[in-house]
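Structure record follows, encoded as structure tokens.
In what follows, residues are counted from 1 in the order of the sequence shown. For the numbers below, each heavy atom of this structure counts, side chains included, while hydrogens, waters and symmetry mates do not. A quick note: this is a predicted structure, and the numbers were derived from the prediction, not measured.
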Amino acid sequence: MASFLTDAGHPATFAATIAGLLGVLSVTGRLIRTGAQRRISLTALVAAIFTIQAIAAITLPLMAGTRGGPQPA
């Protein structure tokens with residue numbers, strides 16, 4: 001992910017920070033999954049997680065040229 005973000009024009013520090021946040025979000029997701037497992041079936045929860053990840057992966061290249069992405073010099 002860090003190499004994709006730097007290739008898209010983001011600074012290396014930003015790319016490393018975003019890549020590092022994935023670990024934090026992984027722990028957060030596990031905590032949420034554990035709490036939600038009593039209310040939602042595991043199959044539905046996993047399907048929702050994969051759907052969110054797919055949307056995020058598709059959105060990343062689309063955002064590369066927008067205000068949220070790198071700014072022109």
Heavy atoms, side chains only, cut-off 4.5 Å: are Val46 and Arg33 in contact? no

So which heavy atom on Ala12 is nearest to which on Thr6, and how close? CA-CG2, 3.8 Å

Quick one: side chain to side chain contact (heavy atoms under 4.5 Å, CB included) partners of Ser41, sequence neighbours excluded? Thr43, Ala44

Give me the other members of the hydrophobic cluster that Ile55 sits in, counting Ile, Leu, Val, Met, Phe, Trp and Tyr linked by side-chain heavy atoms under 4.5 Å, directly or via other members. none

Main-chain N/O of Thr13 paired with Thr17 side-chain donor or acceptor, under 3.5 Å: yes

ILVMFWY network linking Leu22 to Leu5, side-chain heavy atoms under 4.5 angstrom: yes

Residues passing the side chain to side chain contact (heavy atoms under 4.5 Å, CB included) test with Ile58, sequence neighbours excluded, are Leu62

Could you tell me the separation between the CG atom of Leu45 and the OG1 atom of Thr34, rounded to the nearest 0.5 Å? 9.5 Å

Determine whether Ile32 and Ile40 fall in the same hydrophobic cluster, where Ile, Leu, Val, Met, Phe, Trp and Tyr are linked whenever their side-chain heavy atoms lie under 4.5 Å apart. no

Locate the shortest heavy-atom distance separating Ala2 from Ala19; write the atom from each residue and the value. CB-CB, 4.4 Å

